[in-house]
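Notes for the one structure printed next.
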Amino acid sequence: MIFKIIFISIFSILLIYSLVRPFYSSVARWFLITGSILGILSILGASYTQVIADFLGIGRGADVYLYLSLITIFLFVGFTINRFDAMNKKISLLVRELAILSKSQNIKKD
């Protein structure tokens, strides 16, 4: 019983945090809100999860979490790849500018 209270408290804090904190991305905010609500419902009872599964047309409540976790993993990998690509482009631009500056300073010294 104590673990239910602890985890419901954690998910409730995350839900309040997601409502209060300003996010740059609305997707991140909705992801945290939805995850917190689903976490609270899954702890309260499997019947709530089954209701969500029936509403979505999925056979079992556990499958809802499986599908959501797969979607989350793919989204995380996609966002991470995009972030690394953007960072690599910025680094390449900075390296080019530094090389041009370095070369122009060497020409002025000679």
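As the structure is a computational prediction, the values presented were derived from the model and not from experiment.
Trp30 and Ile37 end up in the same hydrophobic cluster when Ile, Leu, Val, Met, Phe, Trp and Tyr side chains are linked at under 4.5 Å. Cluster membership for Ile10 and Leu19, using ILVMFWY side-chain heavy atoms within less than 4.5 angstrom, is shared. Ile33 and Val20 fall into different hydrophobic clusters, defined by Ile, Leu, Val, Met, Phe, Trp and Tyr side-chain heavy atoms under 4.5 Å apart, directly or through other members. Tracing side-chain contacts under 4.5 Å through hydrophobic residues (I, L, V, M, F, W, Y), one reaches Phe11 starting from Leu44; they form part of the same cluster. Under the 4.5 Å side-chain heavy-atom criterion for grouping Ile, Leu, Val, Met, Phe, Trp and Tyr, Ile40 is connected to Ile6 within one hydrophobic cluster.
The structure places OG of Ser36 at 4.5 Å from CG of Leu14, a figure rounded to the nearest 0.5 Å. Here CZ of Arg83 is found 9.0 Å from CZ of Phe76. Values are rounded to the nearest 0.5 Å. Atom OG1 of Thr49 sits about 6.5 Å away from atom CG of Leu41, to the nearest 0.5 Å. Between Ile8 atom CD1 and Ile13 atom CD1 the span is 12.0 Å, to the nearest 0.5 Å.
Judged by distance alone, with hydrogens and angles left aside, the side-chain atoms of Arg21 form no donor-acceptor pair with the main-chain N or O of Arg29 at under 3.5 Å. Between the side chain of Ser42 and the backbone N or O of Gly39 there is at least one donor-acceptor pair closer than 3.5 Å.
When all heavy atoms of Ile43 and Phe7 are compared, the pair lying nearest together is CD1-CB, 3.2 Å.
Counting heavy atoms from C-beta on, the side chains of Tyr17 and Leu32 come closer than 4.5 Å.
Checked against side-chain hydrogen bond (donor to acceptor under 3.5 Å, both in side chains), Arg96 has no partners two or more places apart in sequence or in another chain.
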Residues 53-68 side chain polar contacts: donor-acceptor under 3.5 Å, at least two apart:
unit_1 : atom_1 : unit_2 : atom_2 : d
Asp54  : OD1    : Gln50  : NE2    : 3.0
Arg60  : NH2    : Asp63  : OD1    : 3.0
Tyr65  : OH     : Leu38  : O      : 2.9

